[in-house]
Colleague: 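Once you've had a glance at the structure underneath, I'll fire off some questions.
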Amino acid sequence: MNAYKDLESRGFIYQTTNAEMSEKYLSENKVHFYVGFDPTADSLHTGHLLPIMAMKRLQDAGHIPIVLVGGATALVGDPTGKTEARPILTKDDVAKNVEALKKQLSQFISIEDDKAIFVNNADWFEGIGYLDFLREVGHRFSINKMLTAESVKLRLETGLSFLEFNYMLLQAYDFYHLNKTYNCTMEFGGQDQWGNIIAGVDLVRRMNQKEVHGVTFPLLLDSNGQKFGKTAGGAIFLDTNRTSVFDYYQFWRNCEDTDVKKLLCFFTSLPVEEIAQLATLEAPAINRAKEILAYEATKLAHGKENAEKSFLAAGNKFGFADKECKIPTSSDITKIAICANSGADDLPSFEISSIPEDGYWIVQLFSDAELCKSNGEVRRLIKGGGAYLNGEKITDANYKITSTDFTDNQLILKAGKKKIKQIVYI
RNA sequence: GGUGGGGUUCCCGAGCGGUCAAAGGGAUCAGACUGUAAAUCUGACGGUUUCGCCUUCGGUGGUUCGAAUCCGCCCCCCACCA
C-alpha cells in the first residue's frame, strides 16, 4: 500500500489540490513535503498532533518531512479561523517558542540520518527587503482573489489588519522557498489552511514553473462540535510541565465512544483492520479500545515506560477493562504485567515539606496542589461532595490534615472522580 | 481627518445613578445515573478560614452621600464618508 492510500484509509485526507497527482507523488518518489507550525505558544497541544502523526506515517514510508517552525510567520499571526487578531508576540517570545516546539517535534519526527529537515522561516525572511518582496511576490497576488478566501471573508466582518492580511503571502513564499531549496513538492496542513496552501501551490507554479500539491487534514471535533483537545484543566499539552503524563493518558482514556475508532486511526499505528475490529466492541468492552488508544498515544508522546506507568496507575485506580487480555490486539499493552499496586506511585504528585503545627488546612492543600484554582473553588467542591481524602469524602471544610492522615508520608487527594494528586511529605 | 456606533466578569450578551459581584445563554466544574462514555437531571460558577469585607464593567481624572451607569481627557475597535 502506498503512503497516500495509507493516509486516506485512516481518514487523514480531507482535501487535495489533486488526489491523483498526490497519490502519484507519494507512491512513486521519495517526496520532500512540508508542514508548518507557528510558535505562538511554548508547547504543542493535541490540536497539533494530527499533522504530526501524518508526518510520522509519511516519514516511516520513506518520505522526507520538512518541519517548518514559523519564527517569521508567528510574528505576523495567521488570521485563519480567528475572529479577532491575536496579541502580537515579541521577538523574544517567539524565539523561545521556536526552541520549545523544535524539541517537542523532534520527539515524534526522527532527524537521524537526514530523515527529516527542520527549518525556521525567519532564516529566509529576515534577509528579504520590503520592496523586493513586494515586487517579487506581491505583484503575483490578486487582492480580489484574496478577498474571496474564507479566512479573509470572515475577518472582513470584524476587522483584519494589513499585517495579518499579509500572512498568506508569507506562507506561500515558504512553499516557494522550500521548493527551490529542497525540491519540496507537497504541503500538508489543517483543513483551515487550505487557502494558504493553494496560495503556495499557485506561487510555486508561477515562480518556479513547478507543479506541486497540497493536502489538508480534517478538523478534529468532539461530538459537541467543539474543538478537540480541551478538557478539565484546559487544553492538553505535550509539555509534561503543563500536562502530566498521567493526565495525558487520561485524556485519551476518557474519549467518547463515538470517537474511539477515529482516534485510533489517527493517533496509533495499529492496522486499520484491527481498529475496525476494536471499534465493534460493545458496552464495557469498548473501554479496552480506549485503554489501547490511551496507551499507544501516550507511548508516542512520552515513551513506552511512562505509558505503562500511566496505564497501571489509571487501571489500579479505576479498574482494568481487560485484565486477561482476551480481546485480541497487536498492541504491546498485553505485555504489561498487572499486579495489585503497580503504578500507584505514578499518580501526579505534589510535595510538601512541612505541616503547620495546628495541621494543614484541607482547603489550602487542595489549592496548593493545584487541584482547584482558588480556595473558594475547594469549598464549593467540598460542599458538592466531590472532594476526597484517602478515599473518604470530605465533609468538613475546616478539617486540618495532620501527620496521622499520612501513610508512609503520602496521602491521596481527589477532586471529582478523575482529578487525583498524591501528596508526598518530604 | 470627519460623522455615527461601540469597549461589561472565560466567551457571547443585558444593564444605563442606589435594590449590581452585575440578567440570559454558551463554555467549565461538581453531584445523581453510568462503563473513568454519551444523553439527561440537579447544583455551582470574582476573591477571601464566608455571609463581613475586598477587587471587577477599556484607561484616567471629576460630579455625587452613592457610578458599570453622568461629565472631561486619553487609548482601542467597528461602520460610512474623505
Side-chain angles (χ1 to χ4, degrees), chain A residues 79 81-88 154-164 221-236 246-264 278-279 281-295 298 310-323 327 343 347-348 356 358-368 370-388 391 393-401 413-420:
Chain A
K82 302 273 176 304
T83 44
E84 52 189 67
R86 66 169 100 224
I88 296 182
L154 180 78
R155 288 291 295 279
L156 247 22
E157 324 233 325
T158 54
L160 176 68
S161 71
F162 183 66
L163 176 74
E164 295 173 285
L221 296 172
D222 66 20
S223 64
N224 298 318
Q226 294 295 318
K227 231 179 182 172
F228 183 79
K230 299 263 163 86
T231 182
I236 296 294
F246 180 78
D247 289 337
Y248 188 82
Y249 176 94
Q250 284 291 287
F251 166 72
W252 298 102
R253 176 59 254 265
N254 283 314
C255 76
E256 292 173 22
D257 287 11
T258 48
D259 289 336
V260 190
K261 183 179 180 185
K262 198 166 72 182
L263 298 179
L264 280 165
L278 288 170
L281 294 172
E282 296 270 339
I286 185 88
N287 284 321
R288 180 57 165 177
K290 294 189 190 181
E291 278 183 4
I292 293 169
L293 167 66
Y295 171 72
T298 308
S310 297
F311 165 70
L312 290 170
N316 278 309
K317 203 69 223 160
F318 300 109
F320 294 96
D322 183 25
K323 250 185 180 164
I327 296 162
L347 295 170
D358 54 342
Y360 205 127
W361 183 35
I362 189 79
V363 171
Q364 196 61 49
L365 187 57
F366 265 86
S367 54
D368 286 349
E370 287 172 354
L371 282 162
C372 291
K373 284 196 214 73
S374 68
N375 290 358
E377 203 170 294
V378 185
R379 286 171 184 286
R380 271 178 245 133
L381 186 72
I382 293 173
K383 213 186 278 177
Y388 293 84
K393 189 180 279 187
I394 300 167
T395 49
D396 178 13
N398 292 316
Y399 185 76
K400 306 268 203 241
I401 287 173
L413 292 186
K414 264 206 315 175
K417 279 183 207 137
K418 294 172 203 163
K419 268 190 282 179
I420 302 181

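In what follows, chains are A, B, ... by sequence order, proteins preceding strands, each numbered from 1.
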Colleague: The side chain of N254(A) is closest to which nucleotide in this list: rU36(B), rG35(B), rA37(B)?
Modeller: rU36(B)
Colleague: Using atom NZ of K417(A) as one end and atom C1' of rU34(B) as the other, report the distance to the nearest whole Å.
Modeller: 8 Å
Colleague: If you take all heavy atoms of L264(A) and A289(A), which pair is closest and at what distance?
Modeller: CD2-O, 4.2 Å
Colleague: Rounded to whole angstrom units, what separation is found between the NZ atom of K393(A) and the P atom of rA30(B)?
Modeller: 14 Å
Colleague: Is the glycosidic angle of rU50(B) within 90° of 0, making it syn, or outside that range, making it anti?
Modeller: syn
Colleague: Please determine, for the side chain of R380(A), which listed nucleotide (rA37(B), rC33(B), rG47(B)) has the closest atom?
Modeller: rG47(B)
Colleague: N375(A) has a side chain; which of rU49(B), rG35(B), rG31(B) sits nearest to it?
Modeller: rU49(B)
Colleague: Side chain of K400(A) only, heavy atoms from C-beta on: which candidate in rA30(B), rC33(B), rU49(B) is closest?
Modeller: rU49(B)
Colleague: Which whole number of Å gives the distance between the C1' atom of rG4(B) and that of rC51(B)?
Modeller: 47 Å
Colleague: Kindly say whether V260(A) contributes a backbone atom to a donor-acceptor pair with the side chain of K290(A) at under 3.5 angstrom?
Modeller: no
Colleague: What is the distance, to the nearest angstrom, from the CG atom on L413(A) to the P atom on rA30(B)?
Modeller: 15 Å
Colleague: Which value, in whole Å, describes the distance between the P atoms of nucleotides rC10(B) and rG5(B)?
Modeller: 28 Å
Colleague: When the P atoms of rC54(B) and rA21(B) are compared, how many Å lie between them, rounded to an integer?
Modeller: 12 Å
Colleague: Report the nucleotide, chosen from rU34(B), rG35(B), rG31(B), that has the shortest atom-to-atom distance to any side-chain atom of Y388(A).
Modeller: rG31(B)
Colleague: Could you pick out which residue, Q250(A) or K383(A), lies toward the 5' side of RNA chain B when each is mapped onto its nearest nucleotide?
Modeller: Q250(A)
Colleague: Return the value, rounded to whole Å, for the distance between atom CD1 of I394(A) and atom P of rU49(B).
Modeller: 16 Å
Colleague: How many whole angstroms separate atom CD of E282(A) from atom C1' of rA38(B)?
Modeller: 15 Å
Colleague: Of all the heavy-atom pairs spanning N375(A) and Q364(A), show the shortest one and how long it is.
Modeller: ND2-OE1, 3.4 Å
Colleague: Looking across every strand, which nucleic acid part, if any, lies under 4.0 Å from K290(A) by heavy atom: base, sugar-phosphate, or nothing?
Modeller: base
Colleague: For the side chain of I286(A), counting heavy atoms from C-beta on, which of rG35(B), rG31(B), rU49(B) is nearest?
Modeller: rG35(B)
Colleague: Between rC45(B) and R379(A), is there an OP1 or OP2 to side-chain N/O distance shorter than 4.0 Å?
Modeller: no
Colleague: Roughly how many Å is it from CD1 in I382(A) to P in rU50(B), rounded to a whole number?
Modeller: 13 Å
Colleague: If you compare all heavy atoms of L381(A) against all heavy atoms of G416(A), which two are closest, and at what distance to 0.1 Å?
Modeller: CD1-N, 4.2 Å
Colleague: Counting side-chain heavy atoms from CB outward, which of rG31(B), rA38(B), rA30(B) is closest to L381(A)?
Modeller: rA30(B)
Colleague: What are the two closest heavy atoms between F246(A) and A313(A), and how far apart are they?
Modeller: CE1-CB, 3.9 Å
Colleague: Quote, to the nearest angstrom, the P distance that separates rA22(B) from rG47(B).
Modeller: 13 Å
Colleague: Using the P atom on both, measure rC78(B) against rU8(B) and round to a whole Å.
Modeller: 15 Å
Colleague: Picking from rC33(B), rA38(B), rU36(B), which would you name as closest to the side chain of A314(A)?
Modeller: rU36(B)
Colleague: Consider side-chain contact (heavy atoms from CB on, under 4.5 Å). Of V363(A), N398(A), D396(A), which one does I382(A) pass it with?
Modeller: V363(A)
Colleague: Does a side-chain N or O from S374(A) land closer than 4.0 Å to OP1 or OP2 of rG47(B), or not?
Modeller: yes
Colleague: Give me the distance, rounded to whole Å, that separates rG72(B) from rG46(B) when you measure between the C1' atoms they each carry.
Modeller: 30 Å
Colleague: To the nearest 0.5 Å, tell me how far K262(A) NZ sits from E256(A) CD.
Modeller: 9.0 Å
Colleague: So which one's nearest nucleotide on RNA chain B is more toward 5', E377(A) or Y249(A)?
Modeller: Y249(A)
Colleague: Sticking with atom P, work out how far rA27(B) lies from rG35(B), rounded to a whole angstrom.
Modeller: 25 Å
Colleague: To the nearest angstrom, how far is L263(A) atom CG from rA38(B) atom P?
Modeller: 13 Å
Colleague: Any chance you could measure L293(A), atom CG, to L278(A), atom CG, to the nearest 0.5 Å?
Modeller: 10.0 Å
Colleague: How many Å lie between CG on D368(A) and P on rU49(B), as a whole number?
Modeller: 11 Å
Colleague: For Q364(A), which contact category applies under a 4.0 Å heavy-atom criterion: base, sugar-phosphate, or nothing?
Modeller: nothing
Colleague: Is the phosphate of rA37(B) approached by K418(A) (side-chain N or O, under 4.0 Å from OP1 or OP2)?
Modeller: yes
Colleague: Is there a Watson-Crick or G-U wobble partner for rC73(B) with both distances under 3.5 Å, and which nucleotide is it?
Modeller: rG59(B)
Colleague: Mind checking the P distance from rA37(B) to rA79(B)? Whole angstroms is fine.
Modeller: 46 Å
Colleague: For rU36(B), does the base pair up with any side-chain atom of K419(A) as donor and acceptor (N or O, under 3.5 Å, distance only)?
Modeller: no
Colleague: Check every strand shown and say whether G385(A) touches a base, only sugar-phosphate, or nothing at a heavy-atom separation below 4.0 Å.
Modeller: sugar-phosphate
Colleague: Taking a pair as Watson-Crick or G-U wobble with both distances under 3.5 Å, which nucleotide is matched to rA32(B)?
Modeller: rU40(B)
